[in-house]
Amino acid sequence: MDFNFIILAIGQILAPQTIAFALAALGLAVCFGFTGLVNFGQAGFMAVGGYGFAITSVKLGWPLWASILAAIVAAVIFAFILGIPTLRLRSDYLAIVTIAAAEIVRYTVKTPTLNPVTGGTDGINGSSVAFDAINPIPPGRYGIGILTYNQDDLWVIIVGWVTVAVAALFVWQLMRSPWGRIVRGIREDEDAVRALGKNVYWYKMQALIIGGVLAALAVIINIVPTSLQPDNYGTQTTFFLFTIMLLGGATTVLGPILGSIIFWVVLSLSDGILSLLVSNHLIPITQVQQGPVRFILVGIALMLIIVFRPQGILGNKREAHFGA
Amino acid sequence: MPDTTNAAKATGLQIGDPAPGVKKVDPILVADNVTRNFGGMTAVDVAHVEIPRGVITALIGPNGAGKTTFFNLLTGFDKPNTGQWIYDGRNLAGVPAYKVSRLGMVRTFQLTKALSMLSVLENMRLGATKQTGERFFSALITALWRKQEKEITERAMELLARFKLDTKADDYAASLSGGQRKLLEMARALMTSPQLVMLDEPMAGVNPALTQSLLGHILDLKSTGMTVLFVEHDMHMVRTIADWVIVMAEGKIVAEGYPDAVMDDPAVIDAYLGAHHDTDLGTLTGQLEVAIDDDDSLVQQITDEIAAESANTGSTDDRKGTA
């Protein structure tokens with residue numbers, strides 16, 4: 001039997017995908033956990049940011065800093081488009097609008113007419129050129145055993161984790177400031193906060209923007225070592241993010257990061273174990289069924305978290321909420 | 001605690017005889033032609049009303065009279081179909097709720113809105129206005145708001161001590177009792193340093209021991225120069241602390257005046273407080289008592305029913321009326 005999958009699963013701790021989901025889940029925690037906005041469109045923010053980055057860098061050849069800025073601006077504009085009509089309404093409307101808007105983005109970029117710009121269903125390759133060009137790490141292979149990285153992989157991982165650390169500090173500072181007090185107040189009861197003279201609508205908009213910008217930064221880390229694929233930003237991604245955030249603790253800063261690590265390691269482990277069992281005919285399912293079974297397990301895990309530990313791993317039980 | 005039984009009442013507030021819409025010597029709020037319809041129902045239809053400055057005004061009336069809706073309109077939580085109101089020389093019609101609050105007109109809610117998952121102290125701090133750290137970019141640099149935060153905390157602790165909540169400062173607001181939440185909501189509103197405090201049923205659900213201290217706090221507000229407008233069903237409280245009483249029914253202002261005069265006005269008592277407020281209308285004898293006052297045919301009908309009941313059951317007890 002081949003137990004390499006265990007090492008691969010350990011590799012998920014540092015993987016760019018883990019970094020990306022940690023950042024995006026942190027953004028979701030700002031929206032949902034701290035401010036109480038039911039944002040089901042985090043994948044949409046990722047897609048918008050990703051295309052903002054990839055189109056400007058690959059198709060238009062902008063410098064790296066300009067492309068990053070473009071991704072951020074795209075996410076901010078998307079937040080305004082979603083927020084202006086819905087943030088004055090009850091939170092359920094935001095949930096409906098965001099989940100629909102994320103799907104609209106995904107289907108729009110896949111439209112064949114837009115192929116020259118968005119690459120259609122194939123997405124966009126080659127976002128890494130500008131990023132790798134400023135890589136100071138000398139070429140070679142780094143790491144131990146089968147867990148080795150080339151200089152470009154290592155560069156993404158380092159930049160990615162530094163970004164996560166900066167983002168976590170940023171959110172932590174915001175949430176301990178009077179600004180954070182207002183958004184947590186809004187989560188509890190926005191009319192009470194309004195009655196105290198705070199412009200609730202604008203604070204909700206700011207929270208949605210911060211969540212969206214973190215998603216846009218996340219997707220850059222995700223597409224630089226791979227490529228931009230529209231179908232990676234469907235509703236499934238949003239639900240992964242919710243699972244990650246709830247697993248770690250929706251009202252904590254480190255929760256979404258820890259959640260992302262655990263989520264990807266466990267998913268990778270379960271994949272390895274399942275394929276081991278399938279290939280040795282120990283369970284009566286085929287290899288084709290193996291993929292979906294993993295996601296059934298994710299769904300069950302999400303349900304178990306909400307029932308038995310709604311505050312997540314790091315959360316405070318008393319602050320747990322599924323309010324809207 | 002201030003002696004609430006002998007609180008000095010203000011006099012000479014109005015110009016002319018007390019009547020609905022009477023002019024005040026020094027109004028803080030003047031509302032004109034404010035209407036609000038829900039479908040075909042007119043919830044509020046106030047032609048003219050003035051709230052006197054620096055005193056305690058009570059807004060009373062039966063359930064569904066439009067008191068809370070009127071509150072919501074005045075504070076920007078609801079939009080009127082017509083009308084305007086001037087607060088301290090400024091037209092507030094169409095001004096959003098948060099700006100109304102910033103202008104010094106702060107309200108509390110009938111269903112208490114304590115922010116449960118914030119500590120009592122955080123609830124209080126939230127009330128403070130003009131906080132540097134509430135702006136996004138300033139929030140990122142602690143040095144910009146640390147000093148102000150300390151001042152706010154000191155002021156919050158003073159207020160909490162006045163409301164006897166200081167020992168609860170670090171607890172989640174969720175752990176407070178209903179009455180304590182009312183106190184917290186009032187204290188939090190005071191953190192905004194308001195001119196006009198609007199309390200929506202401050203006594204609802206508060207136990208008798210706390211009632212007395214709440215009354216004291218409301219009188220304190222007056223003594224520090226604030227104007228208070230409150231909605232209340234507790235007539236004892238209205239009589240005790242209000243300087244002026246406005247009576248609403250079916251959306252309109254139907255009576256105004258000094259509490260003793262208004263509450264002894266038979267028309268007001270009869271129509272809006274109920275002439276038989278001590279009578280149990282669940283019994284036929286109770287219904288008879290009410291009917292005697294105004295309807296002879298009804299008296300006959302109820303008398304017949306009582307006779308029939310006694311014959312049927314052989315009992316002379318008060319039966320639950322089915323009429």
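Here the structure is a predicted model, which is why all the values come from computation and not from measurement. Lettering of chains follows the sequences in order, A, B, ..., and the numbering in each one begins at 1.
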Discussion item. Please report the interatomic distance OG(S177(A)) to CD(Q131(B)), rounded to the nearest 0.5 Å.
Written reply: 9.5 Å
Worksheet entry | Contact leader toward chain A among T132(B), L126(B), T142(B), T75(B), where contacts are heavy-atom pairs under 4.5 Å | L126(B)
Worksheet item: Quick one: of S138(B), S116(B), A174(B), who has the most non-hydrogen atom pairs under 4.5 Å with chain A?
Response: S116(B)
Item to complete: Evaluate whether atom CZ of F38(B) has more than 12 neighbouring non-hydrogen atoms of other residues, nucleotides or ligands under 6.0 angstrom away.
Response: yes
Practice prompt. For Q206(A) and F136(B), work out which heavy atoms get closest and say how close.
Written response: OE1-CB, 3.3 Å
Discussion item. With heavy-atom distances below 4.5 Å as the criterion, would you say the side chains of F77(B) and R194(A) are in contact?
Written reply: yes
Response to the item:
Rounded to the nearest 0.5 Å, the CG atom of D189(A) sits from the CG atom of L118(B) at a distance of 11.5 Å
Worksheet item: What are the residues of residues 160-176 of chain A, in order of number, with any heavy atom under 4.5 angstrom from a heavy atom of chain B?
Response: F170(A), Q173(A), L174(A), R176(A)
Fill in: Proximity breakdown for A128(B) and chain A, heavy-atom pairs closer than 4.5 Å
backbone
Worksheet entry | Inter- and intrachain pairs under side-chain hydrogen bond (donor to acceptor under 3.5 Å, both in side chains), touching residues 94-103 of chain B, at least two apart | N199(A)-Y98(B)
Item to complete: Tell me, with the steps shown, if E122(B) and R184(A) meet salt bridge (Lys or Arg N to Asp or Glu O under 4.0 Å).
Response: CA-CA 10 Å; E122(B) 287 281 73; R184(A) 279 180 292 133; 3.3 Å; yes
Worksheet entry | Interface residues of residues 103-115 of chain B facing chain A - non-hydrogen atoms under 4.5 Å apart | V106(B), R107(B), F109(B), K113(B), L115(B)
Discussion item. Is it the case that the side chain of K198(A) and the backbone of E134(B) share a donor-acceptor pair, with hydrogens and angles ignored and the cut-off at 3.5 Å?
Written reply: no
Worksheet item: How far apart are the closest heavy atoms of E149(B) and P178(A), and which atoms are they?
Response: OE1-CG, 3.6 Å
Item to complete: Would you please go through residues 181-203 of chain B and name the residues with a non-hydrogen atom below 4.5 Å from one of chain A, in numerical order?
Response: R188(B), A189(B), T192(B)
